[in-house]
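For reference, the structure is listed below as structure tokens.
Each residue takes its place number in the sequence, starting with 1.
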Amino acid sequence: MSFSSDVKAELSRQVSTSRHCQLAELAAIIGFLGRQETDVNGSVRLCLQTENETVIRKCFTLLKKTFNINTVDSQISLGEERGHTYITLAEGKEETAKILQAVKMNDERGMTEAAEKGPNPLMIKNACCKRAYLRGAFLSIGSMSDPEKSYHMEFVCAYEKGAKELKQLIQGFKVEAKIVSRKKYYVVYLKEGTGIVDLLNIMEAHVSLMNFENQRIMKEMRNSINRKVNCETANITKTVNASSRQIEDILLIREHYGFQNLTDSLRETAELRLEYPDATLKELGQILTPPMGKSGMNHRLRKLSEIADNLRN
């Protein structure tokens, strides 16, 4: 299973104790995936357009909790119509109307408006209901990448207004979210690890949150170690290259100019560098008596470099 599937599996097991929260989550699922069907005989049924078993199970659990609708196998019917896979939630005009009225949608037009404009404000008056609604939204239209690869969570909305409402709902919890247009859809997304952690907490996916944090810590530790190794490697390479140039200059001076023509300080520095070719400037300075700082050693070696350049010219 993917990390996104694990999150949805955990959310499907998270059921609010309050009926108003259960209805808020149900409103999100029906709003994003619901469809009211009427056959040639005028028979009405409420369906979900989804193949996701996790969403189906959660929806039936909520229906059982809120309306005491028994979800025996005979009541679950899958079918195909106009290219959509759907599952029947409730049959009969009266039962369908009862469910839609409870989630403040009333009829098929109300379901369309919920998808286009977002939830009825009465459904998400309380913070707990907003959490439940976001949980239902993620189950219905959400996904996220594996944190080992990247930090990305998104909700794919069919309507721009609905996407803006969802973004505003997320930002109401002080979590930064953005919208991008992707083909004919509007995607509400989060790309910061901290924001994703906060939203997982808001939706009450606590196990997934801990797994995400563990992977994020491991990833950041690996990145930190890699940065330090790369920095150390770069410093070592820089020191070796500088030492090689200095030794080359000093050997040229010894052969074509002679150490005897150097000042005592420059001769001492040249001999020290030949004796300790791998030492840093700071280490060379500490060997001297009295010790000398890094800048002083650098100044002397630059003088030797200038002499060598004059000899080459």
Side-chain angles (χ1 to χ4, degrees), residues 1-35 46-73 75-78 84-90 99 102-103 105 111 114-115 119 123-124 126-147 152-157 166 169-170 173 175 188-190 196-215:
M1 291 177 67
S2 65
F3 192 88
S4 186
S5 298
D6 291 340
V7 175
K8 290 191 176 185
E10 182 181 1
L11 292 178
S12 71
R13 297 188 295 269
Q14 179 65 39
V15 181
S16 302
T17 55
S18 302
R19 187 173 188 270
H20 51 82
C21 292
Q22 296 166 4
L23 288 173
E25 187 169 356
L26 191 59
I29 297 173
I30 294 176
F32 289 115
L33 302 177
R35 182 189 185 96
L46 181 63
C47 306
L48 281 188
Q49 291 181 1
T50 183
E51 296 179 357
N52 191 320
E53 293 183 4
T54 302
V55 180
I56 295 169
R57 286 196 304 270
K58 183 59 177 289
C59 197
F60 278 125
T61 299
L62 293 171
L63 287 174
K64 171 66 176 176
K65 294 282 186 180
T66 53
F67 299 100
N68 199 29
I69 297 176
N70 293 316
T71 56
V72 295
D73 292 342
Q75 290 181 292
I76 303 174
S77 58
L78 286 166
H84 296 294
T85 299
Y86 65 91
I87 182 166
T88 302
L89 297 179
I99 295 172
V103 295
M105 295 179 192
M111 295 168 67
M123 296 302 304
I124 52 171
N126 304 320
C128 56
C129 294
K130 293 175 181 177
R131 292 172 182 267
Y133 183 87
L134 287 173
R135 187 160 57 241
F138 186 83
L139 279 168
S140 304
I141 58 170
S143 65
M144 66 180 294
S145 61
D146 190 325
H152 184 86
M153 176 186 280
E154 67 179 34
F155 301 78
V156 181
C157 303
L166 185 59
L169 185 59
I170 293 171
F173 288 97
V175 177
V188 181
Y189 70 94
L190 296 79
I196 293 174
V197 166
D198 289 342
L199 192 52
L200 287 173
N201 184 50
I202 290 164
M203 296 188 298
E204 299 180 276
H206 301 304
V207 174
S208 297
L209 185 156
M210 294 304 298
N211 291 336
F212 184 93
E213 281 286 55
N214 288 338
Q215 292 191 37

Kindly compute the distance separating [atom1] ([X]) from [atom2] ([Y]), expressed to the nearest 0.5 Å.
| X | Y | atom1 | atom2 | answer |
| --- | --- | --- | --- | --- |
| L11 | D6 | CG | CG | 11.0 Å |
| I29 | L48 | CD1 | CG | 7.5 Å |
| S5 | E53 | OG | CD | 11.5 Å |
| L33 | C47 | CG | SG | 12.0 Å |
| T61 | R13 | OG1 | CZ | 11.5 Å |
| Y189 | M144 | OH | CE | 16.0 Å |

What side-chain donor-acceptor pairs closer than 3.5 Å can you find for residues 202-212, not counting sequence neighbours?
| residue | atom | partner | partner atom | Å |
| --- | --- | --- | --- | --- |
| E204 | OE1 | R135 | NH1 | 2.9 |
| S208 | OG | E10 | OE1 | 2.7 |
| N211 | ND2 | V207 | O | 3.4 |

Contacts of [X] that satisfy side chain to side chain donor-acceptor pair (under 3.5 Å) - sequence neighbours left out:
| X | result |
| --- | --- |
| S145 | S150 |
| H152 | E154, K191 |
| E213 | R216 |

List the steps, then state whether side-chain contact (heavy atoms from CB on, under 4.5 Å) holds for K58 with V15. CA-CA 9 Å; K58 183 59 177 289; V15 181; 4.0 Å; yes

Sequence-distant partners of Y133, ring-ring contact (aromatic ring centres under 6.0 Å, His included), two or more places apart: none

Partners of K8 by salt bridge (Lys or Arg N to Asp or Glu O under 4.0 Å), sequence neighbours excluded? none

If only side-chain N and O atoms count, and only distance matters, is there a donor-acceptor pair under 3.5 Å linking K130 with N126? no

With no hydrogens and no angle check, is any side-chain donor or acceptor of S16 less than 3.5 Å from a backbone partner on S18? no

